[in-house]
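One structure below.
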2 protein chains.
Amino acid sequence: MTLSEENYLKAIYHICNHKEGGVSTNSIAEKMDTKASSVTDMIKKLSEKGLVDYKRYKGTALTQEGKLVASNIVRKHRLWEVFLLEKLNFTWDEVHDVAEQLEHIKSEKLTDQLDAFLGFPTRDPHGDPIPDKDGNIKTVTDTLLSTLQKDDRGIIVGVKDSSSSFLKYLDKQEIALGKKIKVLDTEPFDNSMKIKIKKQEIVISNQIASNIYIKKSN
Amino acid sequence: MTLSEENYLKAIYHICNHKEGGVSTNSIAEKMDTKASSVTDMIKKLSEKGLVDYKRYKGTALTQEGKLVASNIVRKHRLWEVFLLEKLNFTWDEVHDVAEQLEHIKSEKLTDQLDAFLGFPTRDPHGDPIPDKDGNIKTVTDTLLSTLQKDDRGIIVGVKDSSSSFLKYLDKQEIALGKKIKVLDTEPFDNSMKIKIKKQEIVISNQIASNIYIKKSN
DNA sequence: TTTAATTTTTAGATAAGTCTAAAAATATAT
DNA sequence: ATATATTTTTAGACTTATCTAAAAATTAAA
Ligand SMILES: [Mn+2]
Ligand SMILES: [Mn+2]
Ligand SMILES: [Mn+2]
Ligand SMILES: [Mn+2]
């Protein structure tokens, strides 16, 4: 299993989680930041190895085995993110890039022991669930903050966008996982909303609100 | 800096530490388990990049910059070995293979924070010194157990051979870093020796004794 | 249902890293 | 000093992963 193969499997895995059914060559190319022709080549190889189901012009899907390999990479990625944040004083906008490297380290013992060392965490620093060894993962059923109505309350449980710039914005506004919020008002014109968080009132754009996951509390 | 380039620099670094002056193409090939022709190609590239001094047929040496890069990889390797042993319940014969992968993770913050997290260790699980950020390293001046005479005493401070099979042998004999030993007798015929360790008397071959570093205590 | 646009695949080229086999340089032995 | 052996380098080939450009299949539009 080469680095490149692993990254392709992971990309397909992530796209699959959003859209059901086959994955298009172009969508993989976009996520991987490569050309479609490169994707076709790689998919053929993964197909030979029994990691994806592929019929030309028809799209690609992970096999059982491919899904297990991919989820294991995601598992490692998220465990390492927890490690970096909890043990090594990284901030939640710094962990992803390093985890992109660490997720490819091959050692089952390492992964298991890391899991135990961290106290078997269920979510990564961005609120995303951590798959178990068999690829089982809590499907995220959280609602987006942008879908809440006036007077709705909830707790922040995750972010959809994990980019460094977005996370830094949240830090600046003191918006963090676990915080209680209440929607004070919504503005129909641009879908911005006024919310109360930590006894402060702030206005956030729809772009922000549609990247924050909430667990509604009433 | 590719994975392959890093491994070549590390190989040259390790050979240099034993032999002074230029390093032969063949010695690099042997350490890297590749062909001499491959080494020549790579050395040319490293030379272009200013990481090694190279004149054809004359041998290779690390430049200041190359030495710094190499020692940083060794630094990471040994820090990770400490981490795996101290925090993740690895045994000292298991840490090396995983550290071979982890040493290539690129993040200065990660290395620094790991160093701090581990309490700034000075030696890895095999007794080898850990270089600092600037490439400074305590040169090992320890003596080999095989050079001791009858009635000499000392403390085990390191191993020369870090192979899994050797380390497992030591575990079986309960020979470990920090243990006090005394040479009870030496056998001139095959250079084996009888030693006292943990109040037990055991006989070890010269091959064993010449792979254990001792700090003489009188 | 033809035609046009889009998506996907193929064909051919390139770069990195490796190999084998042969040539060149250096070292060793008679 | 000359012949022989060893070491090192070059030449050419192969694999993996990528790209561009062109062809083929599919989808959308007229
Ligand atoms: Mn991430
Ligand atoms: Mn994450
Ligand atoms: Mn090691
Ligand atoms: Mn070591």
Side-chain angles (χ1 to χ4, degrees), chain A residues 1-16 18-62 66 69-70 73 100-101 103-104 106, chain B residues 1-16 18-62 66 69-70 73 100-101 103-104 106:
Chain A
M1 191 95 317
T2 70
L3 188 104
S4 205
E5 289 171 344
E6 290 192 345
N7 281 331
Y8 274 95
L9 289 176
K10 188 174 55 138
I12 298 168
Y13 178 87
H14 279 131
I15 300 167
C16 274
H18 290 294
K19 286 177 181 173
E20 210 30 75
V23 176
S24 77
T25 302
N26 264 353
S27 63
I28 299 172
E30 190 183 12
K31 175 144 279 194
M32 294 287 298
D33 199 31
T34 53
K35 302 295 169 179
S37 54
S38 306
V39 174
T40 302
D41 284 347
M42 180 57 83
I43 280 174
K44 279 180 187 166
K45 208 209 307 185
L46 294 173
S47 180
E48 300 270 308
K49 292 192 173 189
L51 295 162
V52 300
D53 286 324
Y54 164 68
K55 283 201 187 100
R56 53 203 227 303
Y57 291 105
K58 293 303 179 190
T60 307
L62 293 173
V69 172
I73 299 163
E100 285 287 303
Q101 300 177 61
E103 71 190 4
H104 300 288
K106 285 159 193 61
Chain B
M1 191 94 318
T2 69
L3 188 104
S4 205
E5 288 171 344
E6 289 192 345
N7 281 331
Y8 273 96
L9 289 175
K10 189 176 55 136
I12 298 168
Y13 178 87
H14 279 131
I15 300 168
C16 274
H18 290 293
K19 287 178 181 173
E20 213 28 80
V23 176
S24 77
T25 301
N26 264 352
S27 63
I28 300 172
E30 191 184 10
K31 176 144 279 194
M32 295 285 300
D33 199 30
T34 52
K35 301 294 166 179
S37 54
S38 306
V39 173
T40 302
D41 284 347
M42 180 56 84
I43 280 173
K44 280 180 187 166
K45 207 212 306 187
L46 294 173
S47 180
E48 300 270 307
K49 293 194 173 187
L51 295 163
V52 301
D53 286 324
Y54 165 68
K55 281 200 189 100
R56 55 202 225 303
Y57 292 104
K58 293 302 179 190
T60 308
L62 293 173
V69 172
I73 298 164
E100 284 288 302
Q101 300 177 60
E103 70 189 4
H104 300 288
K106 285 160 193 60

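Proteins get letters first, then strands, A, B, ... in listed order; numbering begins at 1 in each.
The CE atom of A:Met1 sits 4.5 Å away from atom NZ of A:Lys49, with the distance rounded to the nearest 0.5 Å. In this structure, A:Glu30 CD and A:Thr25 OG1 are separated by 13.0 Å, a value rounded to the nearest 0.5 Å. One distance of note links OG1 of A:Thr2 with OH of A:Tyr8; it measures 10.0 Å at 0.5 Å rounding.
Inter-residue side-chain proximity for B:Gln101 and B:Leu3 is flagged as unmet; no heavy-atom pair is nearer than 4.5 Å. Between A:Ile15 and A:Lys31, the closest side-chain pair of non-hydrogen atoms falls below 4.5 Å. Within the 4.5 Å cutoff, no side-chain heavy atoms of A:Thr60 are placed close to those of A:Leu46.
Considering only side-chain N and O atoms, B:Tyr8 lies nowhere under 4.0 angstrom from the phosphate OP1 or OP2 of C:dA16. Put simply, A:Thr2 has no side-chain N or O that comes within less than 4.0 Å of OP1 or OP2 on D:dT16. In this structure, A:Lys35 does not reach the D:dT18 phosphate: none of its side-chain N or O atoms is under 4.0 Å from OP1 or OP2.
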Distances under 3.5 Å only, N/O to N/O: pair up the protein atoms with those of nucleotides 7-11 of chain C.
residue, atom, partner, partner atom, Å
C:dT8, OP2, A:Asn26, N, 2.9
C:dT8, OP2, A:Asn26, ND2, 3.3
C:dT9, OP1, A:Tyr54, OH, 2.6
C:dT9, OP1, A:Tyr57, N, 3.0
C:dT9, OP2, A:Thr25, OG1, 2.9
C:dT9, OP2, A:Thr40, OG1, 2.9
C:dT10, OP2, A:Lys44, NZ, 2.4

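Atom CE in B:Met42 sits roughly 8 Å away from atom C1' in C:dA16 (whole-Å rounding).
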